[in-house]
Novice: 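Mind looking over this structure? Questions follow.
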Amino acid sequence: MVSVASWNINSVRLRMPIVAQFLTEQAPDVLCLQEIKTVEETFPFEAFNALGYTHHAVHGQKGYHGVATVSRIPMKEFSRHDWQDNGEARHVGVELTGAGQDMVIENVYVPAGGDIPDREQNPKFGQKLDFLGRMTDWAGKIARPTLIVGDFNIAPLESDVWSHKQLLKVVSHTPLEVEVLKRFQDAHGWVDVGREFIRDPERYFSWWSYRSKDYRTGDRGRRLDHMWASPELAAKATSHTVHEDCRGWEKPSDHVPLVTEFDL
DNA sequence: ATGGTGGCGGAGCCA
C-alpha cells in the first residue's frame, strides 16, 4: 500500500506546526506541497527528517509559488518543468524507487490566473491557459504510470463550487478554463481519482477563502486541488480522503490536504 | 457592486 497526499500549504515555514500535526496523525508515504514560498536554502529539511520524511525534491522560489515533494519511502527527483516558460517554480516530478516503484508523481501548482477572465485585459489569464496548453502537450507523451497532483486552480464541475451560477464568470470556474482542463484530461486519459470516490454531484471542496470571518459561513468553497492518475494506476486506488478539518486548525492554509491510497 | 484576508518582506505583488 502506498499513500500520497497533496496540500497547498501557503508558506511551508509558517505552517510547519500543522504540517507536522498532519504527518503525525495521517502518516502518508508521500506529501506533495504547493506554495512553499521559499527557496531550497531555507526549506525546513530537518523538520521533515525528524518526522521520518527523509527523501526530498524541492523546487523553490523566493517569496512566491514553489513546490516540494517529501517522502518516507525511497524516491528520487524525476523532472522539473517550466510550463509557464517564465522561470516560476510550479512543478517537480519524482519517481518512487522502492515500494510502488515505476510510479511517477508529478506535483504542480497551476497559475491562479488573476481576476479578469480575458487574456487581452489580463495577461495572467493568458499565462494560465498557456501553462495548461504546455501541460497538455506534455501529457500526450507520457509513457509511464503517473499520478499528477496539486493545485490546478480550476474547479471543473458544478458540484466543485458553492454556486455554479455565481461563479461562471469568476476565474477558476469559467467555461473556457473547464474546456482547457478537459483537453488536458483527454490528452492522457487522466482519471479524476477524487471523483471516483466522491462522485458528482456530491459536494467536494478543497479551498475556502481567507476573506470571511468563518469559512463555514455559507460553505463557500471550491475544489481547486486534484489528484489525477493514469488509467492503470487509477484502477489500483483504494481510498480517497479530503481532510476538511485542517481548514479549522490554528493558522490554517486556505487549502486542505487530499490523500489517496493505492494497492501497489 | 464592493470588499473582504493572508504571506513575503519590509512596498507592492500575488493569491
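These figures come from a predicted structure and were not determined experimentally.
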Novice: How about A:Val110 and A:Met135: do any of their side-chain heavy atoms sit closer than 4.5 Å?
Specialist: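 The answer is yes; the side chains approach within 4.5 Å.
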Novice: Report yes or no: is the cationic atom of A:Arg222 (NZ for Lys, CZ for Arg) closer than 6.0 Å to the six-membered ring centre of A:Phe205, at no more than 45° off its axis?
Specialist: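 Ring-cation test returns no.
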Novice: State, yes or no, whether a side-chain contact exists between A:Val259 and A:His243 at a heavy-atom distance under 4.5 Å.
Specialist: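 A side-chain contact exists here, since the closest heavy-atom pair is under 4.5 Å.
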Novice: What's the CD1-P distance between A:Ile9 and B:dA15, to the nearest Å?
Specialist: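 The answer, rounded to whole Å, is 17 Å.
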Novice: Looking at residues 129-136 of chain A, who's got a heavy atom less than 4.0 Å off DNA chain B?
Specialist: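 Nothing qualifies; none.
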Novice: Report yes if the distance between the aromatic ring centroids of A:Tyr215 and A:Tyr210 is under 6.0 Å, otherwise no.
Specialist: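 A:Tyr215 vs A:Tyr210: aromatic centres not under 6.0 Å.
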Novice: For A:His91 together with A:Tyr109, are the ring centres under 6.0 Å from each other?
Specialist: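 When the ring centroids of A:Tyr109 and A:His91 are compared, they turn out to be at least 6.0 Å apart.
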Novice: Not counting sequence neighbours, which residues clear side chain to side chain donor-acceptor pair (under 3.5 Å) with A:Arg90? List them please.
Specialist: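 A:Arg90 satisfies side chain to side chain donor-acceptor pair (under 3.5 Å) with A:His65, A:Gln84, A:Glu88 once adjacent residues are dropped.
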Novice: Under the rule for side chain to side chain donor-acceptor pair (under 3.5 Å), what residues qualify as partners of A:Thr42, not counting sequence neighbours?
Specialist: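 For A:Thr42, the residues satisfying side chain to side chain donor-acceptor pair (under 3.5 Å) (neighbours in sequence not counted) are A:Thr38.
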Novice: Considering only atom C1', compute the distance from B:dA15 to B:dG3 and round it to an integer number of Å.
Specialist: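 Nearest-Å result for B:dA15 against B:dG3 at atom C1': 15 Å.
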Novice: Can you tell me how far C1' of B:dG6 sits from NZ of A:Lys251, to the nearest Å?
Specialist: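 Whole-Å distance recorded here is 8 Å.
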Novice: Give a yes or no on whether the ring-centroid distance for A:Phe22 and A:Trp249 is below 6.0 angstrom.
Specialist: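 No - the distance between ring centres of A:Phe22 and A:Trp249 does not fall below the 6.0 Å cut-off.
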Novice: List in numerical order all residues of residues 207-223 of chain A for which some heavy atom is under 4.0 Å away from an atom belonging to DNA chain B.
Specialist: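 Only A:Tyr210, A:Arg211 qualify.
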Novice: If you measure from the C1' atom in B:dC14 to the same atom in B:dG9, how many Å do you get, rounded?
Specialist: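 Going atom to atom, C1' in each nucleotide, I get 13 Å.
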Novice: Quick one: which of A:Asp225, A:Asn8, A:Asp254 gives a side-chain hydrogen bond (donor to acceptor under 3.5 Å, both in side chains) with A:Ser206?
Specialist: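 Running side-chain hydrogen bond (donor to acceptor under 3.5 Å, both in side chains) over A:Asp225, A:Asn8, A:Asp254 with A:Ser206 returns exactly one hit, A:Asp225.
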Novice: Between A:Glu88 and A:Leu14, which has a closest nucleotide on DNA chain B that is more 5'?
Specialist: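 Comparing both residues, the 5'-ward one is A:Leu14.
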Novice: With a cut-off of less than 4.0 Å, is there a side-chain N or O of A:Ser11 near OP1 or OP2 of B:dC8?
Specialist: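 Yes, such a contact exists.
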Novice: In whole angstrom, what separates A:Glu250's CD from B:dG6's C1'?
Specialist: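 Rounded to the whole Å, the gap is 15 Å.
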Novice: Round to a whole Å and report the spacing from NZ of A:Lys37 to P of B:dC8.
Specialist: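 Computing the A:Lys37:NZ to B:dC8:P distance gives 6 Å.
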Novice: Quick test: give all pairs of protein nitrogen or oxygen and nucleotides 11-13 of chain B nitrogen or oxygen below 3.5 Å, distance rounded to 0.1 Å.
Specialist:
residue, atom, partner, partner atom, Å
B:dC13, O2, A:Tyr64, OH, 3.4

Novice: Is there a donor-acceptor contact under 3.5 Å from the side chain of A:Trp7 to the main chain of A:His255?
Specialist: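 At least one qualifying donor-acceptor pair exists.
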Novice: Under 4.0 Å between a Lys/Arg side-chain N and an Asp/Glu carboxylate O for A:Asp192 and A:Arg223?
Specialist: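 The answer is yes: the pair qualifies as a salt bridge.
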Novice: Considering only atom P, compute the distance from B:dG6 to B:dT2 and round it to an integer number of Å.
Specialist: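 The same atom, P, in both gives a distance of 23 Å.
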Novice: Write down the distance between NZ (A:Lys169) and C1' (B:dA1), rounded to a whole number of angstrom.
Specialist: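 Atom-to-atom, A:Lys169 to B:dA1, this comes out as 14 Å.
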Novice: Just how far, in rounded Å, is C1' of B:dC8 from CD of A:Glu41?
Specialist: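 Atom CD in A:Glu41 sits about 17 Å away from atom C1' in B:dC8.
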Novice: Distance check needed: B:dG7 P versus A:Asp151 CG, whole Å only.
Specialist: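 These atoms are roughly 16 Å apart.
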Novice: Residues in side chain to side chain contact (heavy atoms under 4.5 Å, CB included) with A:Phe78, at least two apart?
Specialist: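 Scan of A:Phe78 (side chain to side chain contact (heavy atoms under 4.5 Å, CB included), adjacent residues dropped) gives A:Glu95, A:Val104, A:Glu106, A:Arg144.
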Novice: Would you mind reading off the distance between A:Gln61 atom CD and B:dA15 atom P, rounded to a whole angstrom?
Specialist: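 For the pair A:Gln61 CD and B:dA15 P, the rounded distance is 10 Å.
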Novice: Which residue lies toward the 5' end of DNA chain B, A:His65 or A:Lys62, if each is placed at its nearest nucleotide?
Specialist: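 That would be A:Lys62.
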